[in-house]
Amino acid sequence: MQLKADKGVGRRFEELIKLALEKGFFASSSEIYGDAPAGFWDYGPLGAAMKRKFIELWRRELVRRDEMLEIDGAQILSKSVFKASGHLDSFVDPIARCSKCGAIYRVDKLIEERTELHIPERMSLDEMKRIVENNGVRCTRCGGELTGYSYFNMMFRVGVGVAEADAYLRPETCQNIFVDFLRVYKTMRRKLPFAIAQYGKSFRNEISPRQGLLRMREFYQAEIEVFFNPDKADDFPKANAIMDYELRLQQVGESEPAEITCQDALGQGLISSKLVAYYLALIQQFYEKVGIPRERIRLRQLGEDEKAFYAVEAWDLEVETSLGWIELVACNNRGDHDLGGHQRMSGHEIEVMDDGQKVLPHVFELSMGVDRSLYCILENFLSLKNGKIMLRLPPYLAPVDAAILPLVSREPLISKALEVYDELRRDFDVEYDDSGSIGRRYMRYDEIGVPICITIDHQTIEDESITIRFRDAAHQIRIDISELPYLLREWLAYP
RNA sequence: GCGGCCGUGGUCUAGCCAGGUAGGACGCGGGGGCCCCGGCCCUGAGAUCGCGGGUUCGAAUCCCGCCGGCCGCACCA
């Protein structure tokens, strides 16, 4: 497997990929086979541990904080689901092939490049074909004629059962939430507005996956769908708590984000409702808790030409890295697109009672890319001071909580250290290590972001006290062994 | 998908142009040393050189195809 960047991408990207491969954060999937397709990645032990902790923070700061309901749905969904959602018709690119050399083109883009005509999203294939013929658009490489007009759908189709009935791997996790909405609503005794959350895999047949975890064909999403009565999006008392909170909004046409309180953003009509303002605040606060500096976070408003086909209002939460601003969370007001579509397609009435009035709920979503977030976190906390690599991860996101180290690898220090290790390992992610000099081991754990080293030395044998060495400042304190579980919990606690 | 560059132990790389036993560094294992921040000593393991075919007595090296990577273009969450 080759991952080294030859040029262009920054040293930070390069160092991070190297660290990921060496230490087991992530690597490309099936790498021992030559035919492994691009865009699939496996998390190693450290990456998997970190992802677990990141999701736990998501549950803490969003799901539990806002009393959301979390579900876990199937990844293969029927054709009807995607007919209703619009993905079968709209999640596509029009393509055509050169009859001579076989090059494949995005027809709409080729026309725009050649003729300066603007091709709207919804133009039919036949119309595009006519424009190609009338304007003499041909293959840019060999001048051959275009043929084989068709749509390339980004969804993976699968055949279910012996009849191989058409079904699809979900291209976004949220369709489960929409098709399950009625049962969840009926069984969980909730009133509008409320949210359903889900963390899991999504699949998209990307044309050119690239840049490691940033664009994959199989990836994790953590999605939140807030269901609300569109007439009452401003009747939302929870928003009172965030009115003075400053969002970093970048409006269409601006090149820099501006800090503006939710109150003012609402007053100026930048945000459609208190409900939307509240959830934008929640998601920005989440990334601040992750530890990303405020100035590297922005909520960028999407223009008409950028929005997904289902969105009526869209903000992207983006984080700045050495590769530029990376989109981590799509915050879309999906209106009644989804529940309306499923209501029509399935024939089930999805309207619910709200204050004695029947309403089809609207949806505001926070659709988070988990793998991308992990990349941004790793890059943000990667420190490259004097040739030494250190991951300054917040303790609650570190893949290993603490390392337990005998000062020298000799008895009785070894036995004592193993005793401490046995005591802690069911409650904490701890590692024991006695190989090499103590300095070497400290560096080894700095490199993978372990916040705390517990060192057993000769004094431990005399009085049951141990040395605690903290990663970031490399300073040490001495505590009694009996205080260890309690203090560890405190040091590893969420902010 | 197009174009440019590239693919050698876990990582980085020498060797490729001028075919002839795959070398080094770091890392890793074992042993020693070590009373606190990777630099010491001894020792060991680990690569059919991305995959497949061809040329050749002989291919990491030359040729072809494929797969993969980075960048640019075009896209996308």
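Residue numbers start from 1 in every chain, and the chains themselves are labelled A, B, ... in the order their sequence lines are given, proteins ahead of strands. Keep in mind that what you see is a predicted model, and the values were worked out from it rather than measured.
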Notebook entry, point to check: Who passes side-chain contact (heavy atoms from CB on, under 4.5 Å) against A:Glu423, sequence neighbours left out?
Noted result: none
Next item on the list: Quick one: list whatever passes salt bridge (Lys or Arg N to Asp or Glu O under 4.0 Å) with A:Arg334, sequence neighbours left out.
Entry: A:Glu172, A:Asp338, A:Glu365
Checklist line | Non-neighbouring partners of A:Leu424 that pass side-chain contact (heavy atoms from CB on, under 4.5 Å), sequence neighbours left out | finding: A:Ile404, A:Val420, A:Phe428, A:Val430, A:Ile454, A:Leu484, A:Pro485, A:Leu488
Note to self: List the residues meeting salt bridge (Lys or Arg N to Asp or Glu O under 4.0 Å) with A:Arg410, not counting sequence neighbours, and say none if there are none.
What the structure shows: none
Margin query: Heavy atoms within less than 4.0 Å of RNA chain B: which residues of residues 330-341 of chain A have one? Give them sorted by number.
Written below: none
Next item on the list: Not counting sequence neighbours, which residues clear side-chain hydrogen bond (donor to acceptor under 3.5 Å, both in side chains) with A:Glu288? List them please.
Entry: A:Tyr245, A:Gln284, A:Arg294
Check: Rounded to whole angstrom units, what separation is found between the CD atom of A:Glu206 and the P atom of B:G1?
Finding: 13 Å
Next item on the list: Applying salt bridge (Lys or Arg N to Asp or Glu O under 4.0 Å), name anything that partners A:Glu225, two or more places apart in sequence or on another chain.
Entry: none
Note to self: Distance to the ring centre below 6.0 angstrom and angle to the axis at most 45 degrees; does that hold for A:Lys79 and A:Tyr168?
What the structure shows: no
Checklist line | Nearest-nucleotide comparison on RNA chain B, the residue closer to the 5′ end among A:Arg372 and A:Asp35 | finding: A:Asp35
Next item on the list: Classify every nucleotide of nucleotides 29-44 of chain B by which part a protein heavy atom approaches to under 4.0 Å, writing B for the base, S for the sugar-phosphate alone and - for neither, in 5'-to-3' order.
Entry: -----BBBBBS-----
Next item on the list: Determine which bases of RNA chain B form Watson-Crick or G-U wobble pairs with both distances under 3.5 Å, and write the result as a 5' to 3' dot-bracket string with | for other-strand partners.
Entry: ((((((((.[[[[.)....(..]]]].(((((.......))))).....[[[[[..)....]]]]])))))))....
Notebook entry, point to check: With sequence neighbours excluded, what pairs up with A:Ala330 under the side-chain contact (heavy atoms from CB on, under 4.5 Å) test?
Noted result: A:Asp316, A:Glu327, A:Asn332, A:Ser367
Margin query: Restricting to side-chain contact (heavy atoms from CB on, under 4.5 Å), what partner residues turn up for A:Asp457, sequence neighbours left out?
Written below: A:Leu407, A:Gln459, A:Thr460, A:Thr467, A:Arg478
Margin query: Just to verify, what does A:Glu411 make a salt bridge (Lys or Arg N to Asp or Glu O under 4.0 Å) with, not counting sequence neighbours?
Written below: none
